[in-house]
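In what follows, residues are counted from 1 in the order of the sequence shown.
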Amino acid sequence: MRFRNRRIRGTTQELDEAAREMRKKSTPAEDVLWQRLRRGALDGYRFRRQHAVGRFVLDLYCAERKLVVEVDGKYHDEEEQRLRDEYRTRALEQSGFKVIRFTNEEVLTDLASVVGRITEALGSRTEAADPSEADE
């Protein structure tokens, strides 16, 4: 049984609701990558999309390996957004997550390379995530 009011991941109800809405409005690149990674299609690793952790909503997340995959559109090239992304990446890495980023263009034009880099990142982690988090 899931407990709706339990916030093990440190999220808020509002952030969880925002993540649900974001799942309904994925970008074409996020959809393409999600279709490739969903249901354990990548070496049995399970990914979640638009998953809330702490104060962030992660594009794609593998809890078993604490791997965050971000898919960035053109607005991520803007200076202010680039600085926010750098802060977000540092904050996640300081909490033990590994973050890798791809552009929409990379996903849409070279999916095989993107998947290869994700596979490499999954294999490079020596420690697994907290098993209790994998149930969230």
Side-chain angles (χ1 to χ4, degrees):
M1 172 186 226
R2 288 190 96 169
F3 298 100
R4 285 269 184 227
N5 295 328
R6 227 170 70 176
R7 300 269 172 235
I8 292 175
R9 292 175 278 117
T11 64
T12 64
Q13 183 176 357
E14 293 79 15
L15 192 65
D16 288 342
E17 289 172 10
R20 272 192 291 282
E21 285 302 310
M22 291 171 79
R23 282 191 287 274
K24 295 176 187 175
K25 300 175 183 175
S26 296
T27 67
E30 288 171 345
D31 283 339
V32 165
L33 190 53
W34 171 242
Q35 292 305 317
R36 179 59 182 88
L37 299 179
R38 67 189 299 206
R39 296 186 181 146
L42 188 61
D43 296 334
Y45 288 104
R46 292 185 52 108
F47 281 82
R48 299 178 185 129
R49 66 185 171 116
Q50 302 302 336
H51 182 72
V53 173
R55 62 188 182 273
F56 303 115
V57 177
L58 313 175
D59 287 345
L60 295 160
Y61 175 59
C62 176
E64 182 180 353
R65 303 304 267 174
K66 289 188 86 169
L67 178 65
V68 176
V69 178
E70 293 292 315
V71 180
D72 297 337
K74 283 285 186 198
Y75 73 93
H76 289 269
D77 293 339
E78 296 174 10
E79 181 68 14
E80 189 174 324
Q81 186 59 46
R82 191 184 58 72
L83 293 173
R84 282 189 194 132
D85 290 343
E86 288 175 8
Y87 168 80
R88 174 185 165 111
T89 296
R90 276 194 311 274
L92 287 165
E93 287 175 345
Q94 288 172 353
S95 295
F97 296 88
K98 175 162 178 59
V99 180
I100 56 176
R101 293 182 168 278
F102 301 98
T103 65
N104 283 345
E105 185 177 335
E106 285 177 291
V107 172
L108 294 173
T109 62
D110 194 4
L111 183 60
S113 176
V114 168
V115 170
R117 288 173 52 200
I118 293 169
T119 301
E120 186 176 297
L122 287 166
S124 69
R125 302 244 346 145
T126 57
E127 73 281 353
D130 179 355
S132 65
E133 186 178 353
D135 294 333
E136 288 304 304

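Here the closest heavy-atom approach between residue Lys66 and residue Ser95 is recorded as NZ-O, 3.1 Å. Shortest non-hydrogen contact noted between Gly73 and Asn104 is CA-ND2, 3.2 Å. The two residues Ala121 and Ile100 have their closest heavy-atom pair at CB-CD1, 4.1 Å. Looking at every heavy atom in both residues, Ser26 comes nearest to Arg49 through OG-NH1, 3.4 Å. Shown here for Ala29 and Leu108, the closest heavy-atom pair between the two residues is CA-CD2, 3.8 Å.
Arg84 pairs by the salt bridge (charged side-chain N to carboxylate O under 4.0 Å, His left out) definition with Glu80, not counting sequence neighbours. Take Arg88 and apply the salt bridge (charged side-chain N to carboxylate O under 4.0 Å, His left out) test, not counting sequence neighbours, and it matches Glu70. When the side chain to side chain contact (heavy atoms under 4.5 Å, CB included) test is applied to Ala41, the partners found at least two apart in sequence or on another chain are Arg36. The salt bridge (charged side-chain N to carboxylate O under 4.0 Å, His left out) test applied to Arg117 returns Glu106, not counting sequence neighbours. Listed by chain and residue number, Arg38 satisfy the side chain to side chain contact (heavy atoms under 4.5 Å, CB included) test with Gln35 (two or more places apart in sequence, or in another chain). The salt bridge (charged side-chain N to carboxylate O under 4.0 Å, His left out) test applied to Lys24 returns Glu21, not counting sequence neighbours.
No donor-acceptor pair closer than 3.5 Å links the side chain of Lys98 to the backbone N or O of Arg65.
For the pair Leu60 and Arg48, the minimum side-chain heavy-atom distance is 4.5 Å or more. The closest side-chain heavy-atom distance from Leu67 to Ile118 is below 4.5 Å. Taking 4.5 Å as the limit, every side-chain heavy atom of Phe47 sits out of range of all side-chain heavy atoms of Leu33.
Distance check, rounded to the nearest 0.5 Å: CD of Gln81 to CD of Glu86 gives 11.0 Å. Note: Phe56 CZ to Thr89 OG1 = 8.5 Å, rounded to the nearest 0.5 Å. How far CG of Asp31 is from NZ of Lys25: 14.0 Å, rounded to the nearest 0.5 Å.
No more than 12 heavy atoms of other residues, nucleotides or ligands sit less than 6.0 Å from atom CD of Glu105.
Exactly one of Leu37, Val71, Thr27, Leu111 qualifies for a side chain to side chain contact (heavy atoms under 4.5 Å, CB included) with Val32. That residue is Leu111.
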